[in-house]
Amino acid sequence: MAAQVSFSIESPTGSHTLSVAYERAGAGEPLLLLHGIGHHWQAWQPVISALAAERDVIAVDLPGFGGSTALPDGLSYDLSTVVPVLGSLCEALGIERPHVAGNSLGGLLALELGREKLVRSVTALSPAGFWTESERRYAFGTLRGMRFGAQNLPLSVVERMARTAVGRAALTSTIYARPGWRSPEAVVAETLALRDATGFTETLSAGRRVLFTDDVPGIPVTVAWGSRDRLLLRRQGVRAKHAIPGARLVRLPGCGHVPMNDDPALVARVILDTSS
């Protein structure tokens, strides 16, 4: 059962309390883990134990996802809102300038936290924001299709599909290169997380305007891309390297869009190397 932390944020309608779910493990320098759109902190479970051996690991549910409350009315799910919210979250958790690793949407947020000098290092796994317009439309259309399936498949059908490798592939092969490695319980839980994500539509809407074009100077940055990423194609990593010349660009052989499941040891090593 994840812990919860509550803190105040300001909106056009006044001060509101936001509650964020998180899992914390290990000791050492703090490391914040940020998942992708429609996912939840459990996306990081395959790597948490390896990371926790050397870091104070905090995996969070982003506002409007997983067990965290939605942003209050009047606040957009854009970078200019969510990044300060994450800064307030770090204050509430008592961590100052953590290392950060993020996947997809979380990778974009991690890079923006780095640009704002709110973190010590950034590891971005298949980060959003380096697409062409046609690549963005393809990715968003795919995500909407996944969301539609999650919302319209009865729970009993999802549970039955998750019991077989073929069924798990049908549900999750868009994001995992090795969907059969996911446990049935994990596949059911993340399908429900996608179905119930209150921030999904507004986050996707805010993402239509996003292109990450600024450098992230002064801190270690690694951009890592799975060779079998079917959602954000790996050529986007080359664009990320051009935008952030000092970044280390790492290929993750055999990994899909959410590589923590496909090669936990490699992903953990990339994160630890960046945050060393």
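In terms of hydrophobic clustering, with Ile, Leu, Val, Met, Phe, Trp and Tyr side chains grouped at heavy-atom distances under 4.5 Å, L231 and W181 are assigned to different clusters. A single hydrophobic cluster is seen to contain both L118 and L86, as judged by linkage of ILVMFWY side chains at heavy-atom distances under 4.5 Å, directly or through other members. V250 and L233 fall into different hydrophobic clusters, defined by Ile, Leu, Val, Met, Phe, Trp and Tyr side-chain heavy atoms under 4.5 Å apart, directly or through other members.
The backbone N or O of T201 lies less than 3.5 Å from no partner atom in the side chain of S205, so there is not a single donor-acceptor pair. No donor-acceptor distance shorter than 3.5 angstrom exists from the side chain of W225 to the backbone of V238, with no hydrogens or angles considered. Not one N or O on the side chain of E23 forms a donor-acceptor pair closer than 3.5 Å with the backbone of Q45. A distance-only check finds no donor-acceptor pair linking the side chain of N103 to the backbone of V258 [under 3.5 Å]. Side-chain N or O atoms of D262 include one that pairs as donor or acceptor with a backbone N or O of R178 at under 3.5 Å. With hydrogens and angles ignored, the 3.5 Å screen pairs a side-chain donor or acceptor of R239 with a backbone N or O of F130. Side chain of W44 to main chain of I58: no donor-acceptor pair is present (N/O by atom type, distance under 3.5 Å, no hydrogens or angles). Looking only at distances, no side-chain donor or acceptor of S6 sits under 3.5 Å from a matching main-chain atom of S19. Put simply, the side chain of R147 gets close to the backbone of A197: a donor and an acceptor are under 3.5 Å apart.
In this structure, L194 CG and Q151 CD are separated by 7.5 Å, a value rounded to the nearest 0.5 Å. Note: M161 CE to T172 OG1 = 9.5 Å, rounded to the nearest 0.5 Å. To the nearest 0.5 angstrom, E185 atom CD is 10.0 Å from R163 atom CZ. Atom CZ of R230 sits about 13.5 Å away from atom OG of S126, to the nearest 0.5 Å. Rounding to the nearest 0.5 Å gives a distance of 9.0 Å between CZ of F148 and CG of L153. Summarising the geometry, atom CZ belonging to F200 is positioned 5.0 Å from atom CG belonging to L143; distances are rounded to the nearest 0.5 Å.
Using a 4.5 Å heavy-atom threshold, the side chains of L113 and V122 count as separate. Between W41 and I48, the closest side-chain pair of non-hydrogen atoms falls below 4.5 Å.
Every side-chain hydrogen bond (donor to acceptor under 3.5 Å, both in side chains) that S15 has, sequence neighbours left out, goes to E10. Listed by chain and number, the residues in a side-chain hydrogen bond (donor to acceptor under 3.5 Å, both in side chains) with R115 are E112 (sequence neighbours excluded).
With respect to Y77, the side chain to side chain contact (heavy atoms under 4.5 Å, CB included) criterion is satisfied by exactly one of T203, L204, V85: T203. Looking at R228, R182, H257 one by one, the single match for side-chain hydrogen bond (donor to acceptor under 3.5 Å, both in side chains) with Y176 turns out to be R182. Residue H99 is tested with S121, S276, S275 for a side-chain hydrogen bond (donor to acceptor under 3.5 Å, both in side chains); the sole match is S121.
A 6.0 Å sphere centred on CG of N152 holds more than 12 heavy atoms belonging to other residues, nucleotides or ligands. When the shell of 6.0 Å around CD of E116 is examined, it contains more than 12 heavy atoms from other residues, nucleotides or ligands.
Between H35 and F65, the ring planes are perpendicular. Angles over 60° get that label, and only those under 30° would be called parallel.
Considering every non-hydrogen atom in both I271 and A101, the closest pair reads CD1-CB, 3.9 Å. Closest of all the heavy-atom pairs between G107 and P127 is C-CB, 3.7 Å.
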